[in-house]
2 protein chains.
Amino acid sequence: MAWQSYNKTERQKRLVEYLESNPFLTDEDLAQIFGVSVQTIRLDRMELKIPELIERLKNVAKGTMSRPRTLSGGELVGELVDLDVGSRGISLLTVTPEMTLSKTQFLRGHYLFAQANSLAVAVIDAEVALTGLARVSFKRPVLYGEKVLARAIIKIKKGNKYMVKVTSQVKDEIVFLGKFLIFVASEEVVSQ
Amino acid sequence: MAWQSYNKTERQKRLVEYLESNPFLTDEDLAQIFGVSVQTIRLDRMELKIPELIERLKNVAKGTMSRPRTLSGGELVGELVDLDVGSRGISLLTVTPEMTLSKTQFLRGHYLFAQANSLAVAVIDAEVALTGLARVSFKRPVLYGEKVLARAIIKIKKGNKYMVKVTSQVKDEIVFLGKFLIFVASEEVVSQ
DNA sequence: ACTTGTTTTAGTACCTGGTACTAAAACATA
DNA sequence: TATGTTTTAGTACCAGGTACTAAAACAAGT
């Protein structure tokens with residue numbers, strides 16, 4: 001065809017440019033644009049470490065979404081799903097390779113703990129909340145690729161002490177249980 | 001399980017809330033969150049006219065992306081893929097139902113024309129460019145669901161007159177050819 | 001012309017995240 | 001018990017991929 005065709009190097013350069021300005025393009029779109037096969041585009045993207053469409057869209061969407069419920073200060077481990085401050089909350093953790101023990105697919109336990117603990121702290125309506133005690137129980141190993149849903153609920157409130165219970169599950173299966181005793185610092189202490 | 005379960009009305013209300021604050025949640029995530037089946041979530045989304053994940057991500061990403069290459073004034077028909085101002089450009093048009101002739105799946109011809117013409121105008125480096133003449137040829141009908149790739153190239157420039165050729169294709173098949181004679185208004189005329 | 005390496009394409013198996021449909025089970029209400 | 005609604009299961013299919021093997025096409029060197 002009359003349109004200029006590119007060699008590999010130039011095609012890949014333009015591929016990057018096109019996807020930077022328009023991440024909506026599918027491999028099929030790009031194949032048509034460059035006049036090559038879909039397999040060639042996929043080989044290009046693999047070489048250039050350019051993720052697939054749904055990942056690109058997530059990256060764009062994430063880069064711009066303001067999360068009104070993101071914790072100030074300490075980071076929530078997992079994605080916040082729901083937060084009823086003073087009462088209950090839910091978060092979702094997707095297990096990625098860097099969270100797993102080397103040479104295995106098992107999620108490192110501290111991630112489960114961190115997810116539960118950060119959620120427990122999040123449901124408390126306080127600027128500074130510190131975990132005093134935690135009683136936790138790991139029910140079964142969690143694997144790479146699984147998603148952990150954590151639910152936290154405030155059970156008891158006594159003065160500046162909170163007992164928060166967290167139940168974490170994969171599908172219908174409970175994988176982690178935790179009870180957290182959390183202290184809320186009073187305003188005077190904070191301002192000192 | 002100890003977590004509160006919802007009736008349909010309440011579940012749907014929360015579903016909307018959850019997806020508004022977090023469009024990344026899949027149907028499987030939501031099924032787990034609400035403790036129902038994936039089919040139920042899909043029925044809910046259908047009732048609520050909530051699109052699937054990839055559409056939600058597109059909506060979020062689109063809502064925030066600044067398109068540095070968007071035309072000022074006149075709207076480009078189709079998505080801009082590449083623009084070499086003064087030389088060449090490419091756009092991609094996805095055929096949607098409202099672009100088709102009633103009771104058929106054929107794309108209305110004026111969309112092909114509009115895509116080609118707007119692209120031709122876009123490649124010219126001018127604030128005001130008006131199409132004087134156009135010679136176009138529709139090679140075959142285009143159907144709902146197909147994507148039209150238009151390529152424009154400036155063939156001749158003479159004073160303030162441009163001859164732009166546009167070739168539109170679906171896959172490898174040419175569906176439209178057009179030659180546009182475009183006049184660029186001089187600055188004096190514009191400022192009057 | 002032959003050889004070798006690179007690039008591209010074809011084909012296949014499989015996956016995720018869906019739509020859409022039929023059918024049946026479970027539930028709620030009268 | 002009957003009826004309507006909600007939920008679930010199963011199946012077929014689709015879009016947009018990953019990943020792999022194998023072969024064709026191409027380019028460069030000899």
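FYI, side chains are in, hydrogens and waters are out, and symmetry mates aren't considered; it's all heavy atoms of this structure. Every chain is numbered from 1 and lettered A, B, ... according to where its sequence line falls, protein lines coming before strand lines.
In this structure, B:L57 places its CG atom 15 Å from C1' of D:dG17, rounding to the nearest Å.
For the residue pair B:L119 and B:A150, the shortest heavy atom distance occurs at CD2-O, 3.4 Å.
Electrostatic pairing of A:R11 and A:E47 does not count as a salt bridge here, judged by no charged N lying under 4.0 Å from a carboxylate O. Between A:E52 and A:R56 there is no salt bridge, since no side-chain nitrogen of the basic residue lies less than 4.0 Å from a carboxylate oxygen of the acidic one.
Taking the side chain as every heavy atom from C-beta outward, B:S168 and B:V148 approach each other to under 4.5 Å. Using a 4.5 Å cut-off on side-chain heavy atoms (C-beta onward), B:L143 and B:L107 make no contact.
In this structure, A:M163 is not a member of the same hydrophobic cluster as A:L177, with clusters built from ILVMFWY side-chain heavy atoms closer than 4.5 Å.
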For nucleotides 4-9 of chain C, which of its nitrogen or oxygen atoms have a protein nitrogen or oxygen under 3.5 Å away, and what is each distance?
from	atom 1	to	atom 2	distance (Å)
C:dT7	OP2	A:K8	NZ	3.2
C:dT8	OP1	A:R11	NH1	2.5
C:dT8	OP1	A:R11	NH2	3.3
C:dT8	OP2	A:R11	NH2	2.6
C:dT9	OP2	A:S37	N	2.6
C:dT9	OP2	A:S37	OG	2.8
C:dT9	OP2	A:T40	OG1	2.5
C:dT9	O5'	A:S37	OG	3.4

Between the protein and nucleotides 24-30 of chain C, which nitrogen or oxygen pairs come in under 3.5 angstrom?
none

Atom pairs under 3.5 Å: protein N/O with N/O of nucleotides 12-19 of chain C:
from	atom 1	to	atom 2	distance (Å)
C:dG18	OP1	B:L53	N	2.6
C:dG18	OP2	B:D27	N	3.0
C:dG18	O5'	B:D27	OD2	3.4
C:dG18	O3'	B:R45	NH2	3.1
C:dT19	OP1	B:R45	NH1	3.1
C:dT19	OP1	B:R45	NH2	3.2
C:dT19	OP2	B:R45	NH2	2.9

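The number of heavy-atom neighbours closer than 6.0 Å to NZ of B:K179, taken from other residues, nucleotides and ligands shown, is 12 or below. Heavy-atom contacts from other residues, nucleotides or ligands closer than 6.0 Å to CG of B:N7 number more than 12.
Note: A:L149 CG to A:L92 CG = 5.5 Å, rounded to the nearest 0.5 Å.
B:F180 does not carry B:K165 over the face of its six-membered ring by the limits of under 6.0 Å from the centre and within 45° of the normal.
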